[in-house]
Structures are given as C-alpha cells and as structure tokens.
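From a predicted model like this one, the values you see are computed outputs, not experimental measurements. Both counts, for ligands and for their atoms, begin at 1 and track the order of listing.
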Amino acid sequence: MSRIIVITSGKGGVGKTTCTANLGMALAQRGRQVVLVDADFGLRNLDLLLGLENRIVYTAVEVIAGECRLEQALVRDKREPRVTLLPAAQNRTKDAINSEQMTQLIEKLAASGYDYIIIDCPAGIETGFKNAIAAASEAAIVTTPEIAAVRDADRVVGLLEASNIKKINLIVNRLKPAMVEANDMMSVQDVQEILAIPLMGVIPDDECVIVSTNKGEPVVLSANSSLPKAAFANIAGRLEGEKVDFLELKEPNEGFLARIKRLFWK
Ligand code: ADP
Ligand code: MG
C-alpha cells in the first residue's frame with residue numbers, strides 16, 4: 001500500500017517544495033518507489049527544483065480532462081529513476097481541478113504500486129490546499145522558526161485534524177543555530193511546544209539549498225556532503241520508523257554544539 005503524505009505549511013516560502021523534492025529523493029535512495037505530485041497549480045515549481053521542467057509534456061490537468069493517460073504525464077527522474085513527478089499545470093488557476101478529481105488521480109497512482117505518494121501543497125488554506133490534502137492520509141508540516149510561519153502552521157494542524165488526517169509530523173526548516181543561541185530565533189523546542197506534534201526533522205538554513213534550487217539538483221543528490229543533505233536522509237529514516245531519541249536534546253549539561261550536531265546528524 002502507498003503512503004500518501006502531503007507536505008504543507010500555510011505560509012508560503014518556508015520550504016515545502018524543497019522538502020518534497022529532497023524527501024522524495026532520500027526515500028528513493030533507500031530503495032523506495034516515489035511519486036511526487038505537484039499540487040501547486042498555477043505557481044508550480046517542483047519541476048524546477050528537480051530540474052525536470054524541460055521534460056514536461058502533459059500535466060495533471062490534461063490527465064483529468066481525459067486528454068492524455070496518466071502515464072503520459074509522469075516524468076521519471078534520470079538521476080534517480082525511483083522518483084517520478086506528476087506535474088501541475090503552469091498556466092491554469094487553482095480552479096482547474098477539484099478535490100474529487102485530485103483524489104481520483106492519487107488513487108490511480110496508489111494502484112500503480114508506489115511506496116510513497118508525496119504531495120507538494122500550495123500556500124494558503126483555500127481551494128488549492130483543500131485539493132492537496134483531500135487524498136492524503138499523512139501530513140508533514142513545514143515551518144521556519146518564525147512566529148508568522150508557526151502561527152500559520154498551527155492553523156493548518158487544526159484544519160488537517162478536522163479533515164481526519166491524524167498522522168501529522170513537524171519539519172522545522174531554515175534553523176539558524178547561532179541566532180537561536182543568541183535568543184534571536186525560536187528554538188526547535190519552542191516551535192514544537194507551540195504546535196504539539198511529533199518532530200520529524202530539523203533542517204539548517206544553508207546556502208547550499210539555494211544553490212541546489214537554482215541548479216535543479218536537490219541537495220540529497222549532490223556528491224558533496226552537507227548538513228541539509230544529512231537532515232533529509234534522517235527524516236526519510238524517521239518516516240520509515242527508525243528510532244531517534246529527541247529527548248536527549250534537552251539534556252542540561254550538553255554543550256550547544258553537541259546539541260545541534262545531535263539534532264542534525266542523528
Ligand atoms: P515553499 O514551497 O514553501 O514556497 P520553497 O521550497 O520554494 O518554499 O523554498 C523557498 C525558498 O527558500 C527557496 O528559494 C529555497 O531555496 C529556500 N530554502 C528552502 N529551504 C532552505 C534552507 N534550509 N536553507 C536555505 N534556503 C532554503
Ligand atoms: Mg512551493
């Protein structure tokens with residue numbers, strides 16, 4: 001059975017698409033078959049982050065309109081063939097698709113035997129958000145450690161729960177340890193206390209993520225090791241049930257650096 005996970009946040013620009021691309025790649029590197037669904041109709045960019053933009057012929061909208069078969073719209077990554085993209089339309093509005101149609105698409109993908117269907121959700125809590133979560137059974141909430149993002153995330157947790165999505169995990173993205181240390185940024189613990197959902201991972205703010213975005217090569221695929229790359233691999237592990245003891249983060253005598261290292265590398 002496919003696990004159907006929506007990557008969502010409420011606020012825009014916090015790293016949903018980055019997480020979708022890298023988590024998909026990290027799961028594929030563990031041998032899983034993964035399809036990434038771009039549910040950000042009108043403002044798609046998952047294809048860009050994956051470097052697959054030039055290979056798109058059809059999108060989910062043509063599949064729904066019956067203008068092509070689902071298989072014709074799917075784009076398989078050449079670097080990591082276990083990853084496939086179902087692109088969103090670029091030039092149509094979010095109203096090009098409704099929740100029932102989205103659910104039908106996802107059900108078709110589920111019947112194709114993917115281990116993971118990961119849905120990249122648009123910002124906001126309107127139609128696009130509702131479509132993106134319609135078929136999901138799990139959610140990963142991405143937030144940066146900023147009050148506006150956390151408040152939006154909190155709102156989204158409530159909406160997901162109301163939609164009967166019970167498995168909701170937290171990804172804190174763009175953490176700046178030095179700012180946390182200086183009390184200028186919320187800590188992971190602060191964020192987690194507010195949202196009260198299980199922590200699945202922490203990704204540091206790192207220029208290499210921006211470079212990878214511009215190159216169309218997710219950090220997870222890069223030959224260079226980096227903290228974000230390790231963080232995404234860790235999240236994939238946790239998603240698959242590998243145990244990570246976050247409680248150790250709170251040990252009072254642990255040095256700050258050791259704590260951060262533990263946070264990222266474990
Ligand atoms: P969203 O899909 O939530 O709108 P994106 O994934 O498109 O957000 O990310 C928005 C921007 O933030 C992109 O330019 C991306 O490169 C940058 N970004 C995301 N995560 C990180 C990170 N951990 N470190 C540095 N930049 C990041
Ligand atoms: Mg996005």
Side-chain angles (χ1 to χ4, degrees), residues 5-26 36-53 59-60 85-90 94 118-129 131-133 136 139-146 148-153 155-157 160 169-180 185-186 188 191 199-222 224-236 260 263-265:
I5 307 171
V6 63
I7 311 286
T8 182
S9 68
K11 195 170 185 304
V14 296
K16 291 177 293 297
T17 304
T18 304
C19 286
T20 304
N22 282 289
L23 195 53
M25 289 295 174
L36 305 179
V37 177
D38 193 344
D40 201 348
F41 290 84
L43 286 173
R44 75 171 191 211
N45 52 22
L46 182 57
D47 55 327
L48 278 178
L49 263 71
L50 292 165
L52 297 176
E53 69 278 10
T59 72
L85 168 70
L86 176 61
Q90 177 77 292
K94 292 177 204 286
I118 304 183
I119 305 163
D120 185 19
C121 186
I125 51 170
E126 313 300 327
T127 313
F129 166 78
N131 288 344
I133 70 164
I141 304 248
V142 182
T143 186
T144 52
E146 292 159 286
V150 174
R151 189 169 66 176
D152 287 2
R155 182 91 195 278
V156 165
V157 172
L160 292 171
N169 286 299
L170 173 65
I171 297 176
V172 178
N173 188 27
R174 307 199 74 161
L175 188 81
K176 294 185 178 180
M179 283 184 74
V180 176
M185 180 178 263
M186 294 169 89
V188 172
V191 177
L199 181 64
M200 196 164 61
V202 180
I203 303 145
D205 189 84
D206 192 318
E207 276 178 15
C208 75
V209 176
I210 297 167
V211 174
S212 88
T213 303
N214 294 336
K215 276 207 296 198
E217 184 193 78
V219 280
V220 164
L221 290 185
S222 164
N224 305 328
S225 57
S226 66
L227 285 169
K229 181 177 170 177
F232 283 117
N234 289 349
I235 293 173
I260 290 299
L263 208 59
F264 293 149
W265 290 102

* **Asp120 and Leu36: CA distance, side-chain angles, deciding distance, side chain to side chain contact (heavy atoms under 4.5 Å, CB included) verdict** => CA-CA 7 Å; Asp120 185 19; Leu36 305 179; over 6 Å; no
* Please name the pair of heavy atoms, one in Cys19 and one in Ile171, separated by the smallest distance, quoted to 0.1 Å. => SG-CG2, 4.1 Å
* Taking all non-hydrogen atoms of both residues, which atom of Leu50 and which atom of Met25 are closest, and how far apart? -> CD2-CE, 3.7 Å
* For Asn22 and Ile203, run side chain to side chain contact (heavy atoms under 4.5 Å, CB included): C-alpha distance rounded to whole Å, both residues' side-chain angles, the deciding distance at 0.1 Å, then the answer. => CA-CA 11 Å; Asn22 282 289; Ile203 303 145; over 6 Å; no
* Could you give me the CA-CA distance, side-chain angles and deciding distance for Arg44 and Thr59, then say whether side chain to side chain contact (heavy atoms under 4.5 Å, CB included) is met? => CA-CA 11 Å; Arg44 75 171 191 211; Thr59 72; 3.9 Å; yes
* Val157 vs Ile141, side chain to side chain contact (heavy atoms under 4.5 Å, CB included): CA-CA, chis, key distance, verdict -> CA-CA 8 Å; Val157 172; Ile141 304 248; 3.7 Å; yes
* Asked: What protein N/O/S atoms are found closer than 2.8 Å to the Mg ion (ligand 2)?
  -> Thr17 OG1
* To do: State, with a plain yes or no, whether a side-chain heavy atom of Phe129 is found less than 4.5 Å away from one of Val156.
  => yes
* Hey, is the main chain of Thr144 close enough, under 3.5 Å, to the side chain of Arg174 for a donor-acceptor pair? -> no
* Asked: Considering only heavy atoms, which protein residues lie less than 4.0 Å from any atom of ligand 1?
  -> Gly12, Gly13, Val14, Gly15, Lys16, Thr17, Thr18, Asn173, Arg174, Ile203, Pro204, Asp205, Asp206, Val209, Ile210, Thr213
* Asked: Looking at CG of Leu221 and CZ of Phe232, how far apart are the two atoms once the value is rounded to the nearest 0.5 Å?
  -> 11.5 Å
